[in-house]
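Let me begin by presenting the structure, written as structure tokens, before commenting on it.
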Amino acid sequence: PDGYVSEHLIKSDKYKVAGQMDQNFIETINGKRYVDIDDWKTDAEILLKPSYINPKYKSPYFKYPVDHIYETNYWKYVLKISTYAKILEMEGFIVRNLAFTHVLLDENSNVISKQRYKLPYKKEEVEFILEEKL
């Protein structure tokens, strides 16, 4: 049904992948099903670019087939959430917005701050990864 869905489990039998989204919003407009995805992350910090280059690996990028993308938690989440989007597209949804919310918690698990990151949909990269997986 339309509305917010929390802890939404999704899977693709074709690609043998599954995941759990923290929350999404589904809306039907003129018979078309739209979805907005938002995941919550509790990392100490979010890095868009590497803070250093590991001398052992010498590359701040992921390995093939996404070796043009920085290997940081931000981009890891972009690819993960884009994979959720691709799976939902395969189920007939139109992906409208992708995001994650960075949540900082205190020692009692109370929320002390939230920052929302709007994300690009890395559809081509995800399709390439999934096809390489087969």
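All values below come from the heavy atoms of this structure, side chains included, with hydrogens, waters and symmetry mates left out.
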Original post:
What are the two closest heavy atoms between Arg116 and Ala99, and how far apart are they?
Top reply: NH2-CB, 3.4 Å
Original post:
Taking the side chain from Thr72 and the backbone from Leu47, do they hold a donor-acceptor pair closer than 3.5 Å?
Top reply: yes
**OP:** Output yes when Asp22 and Lys41 qualify as a salt bridge under the 4.0 Å nitrogen-oxygen rule, no when they do not.
**Re:** no
Original post:
What residues, two or more places apart in sequence or in another chain, satisfy side-chain hydrogen bond (donor to acceptor under 3.5 Å, both in side chains) together with Glu125?
Top reply: His68
Original post:
Are the side chain of Asp106 and the backbone N or O of Asn108 linked by a donor-acceptor pair below 3.5 Å?
Top reply: yes
**OP:** Could you tell me whether Arg96 and Glu27 make a salt bridge, using a distance below 4.0 angstrom between a side-chain N and a carboxylate O?
**Re:** yes
**OP:** Report the residues that fulfil ring-ring contact (aromatic ring centres under 6.0 Å, His included) with Tyr77, sequence neighbours left out, ordered by chain and then residue number.
**Re:** Phe100
Original post:
Sequence neighbours excluded, which residues qualify as side-chain hydrogen bond (donor to acceptor under 3.5 Å, both in side chains) partners of Glu107?
Top reply: none
Original post:
Is it the case that more than 12 heavy atoms not belonging to Glu7 sit under 6.0 Å from its CD atom?
Top reply: yes
Subject >> Results of ring-ring contact (aromatic ring centres under 6.0 Å, His included) for Tyr34 - residues two or more places apart only >> reply: none
Original post:
Is there a donor-acceptor pair under 3.5 Å between the side chain of Asn97 and the backbone N or O of Asp36?
Top reply: no
Original post:
Residues two or more places apart in sequence or in another chain: which of them pass ring-ring contact (aromatic ring centres under 6.0 Å, His included) with Tyr121?
Top reply: none
Subject >> Under 3.5 Å donor-acceptor, Asn73 side chain and Glu45 backbone >> reply: yes
Subject >> Verdict with supporting geometry, Asp39 and Gln23, side-chain contact (heavy atoms from CB on, under 4.5 Å) >> reply: CA-CA 6 Å; Asp39 232 19; Gln23 69 178 15; over 6 Å; no
Original post:
Going by the salt bridge (charged side-chain N to carboxylate O under 4.0 Å, His left out) test, which pairs reach into residues 83-93, not counting sequence neighbours?
Top reply: Lys86-Glu127, Glu89-Lys123
Original post:
When Lys122 is tested against each of Thr83, Leu79, Leu98, Val66 for side chain to side chain contact (heavy atoms under 4.5 Å, CB included), which residue passes?
Top reply: Leu79
**OP:** Verify side-chain contact (heavy atoms from CB on, under 4.5 Å) between Ile26 and Val5, making sure each step is shown before the conclusion.
**Re:** CA-CA 8 Å; Ile26 298 171; Val5 180; 4.0 Å; yes
Subject >> Trace of the side-chain contact (heavy atoms from CB on, under 4.5 Å) decision for Leu88 with Ile37 >> reply: CA-CA 10 Å; Leu88 288 171; Ile37 301 170; 3.8 Å; yes
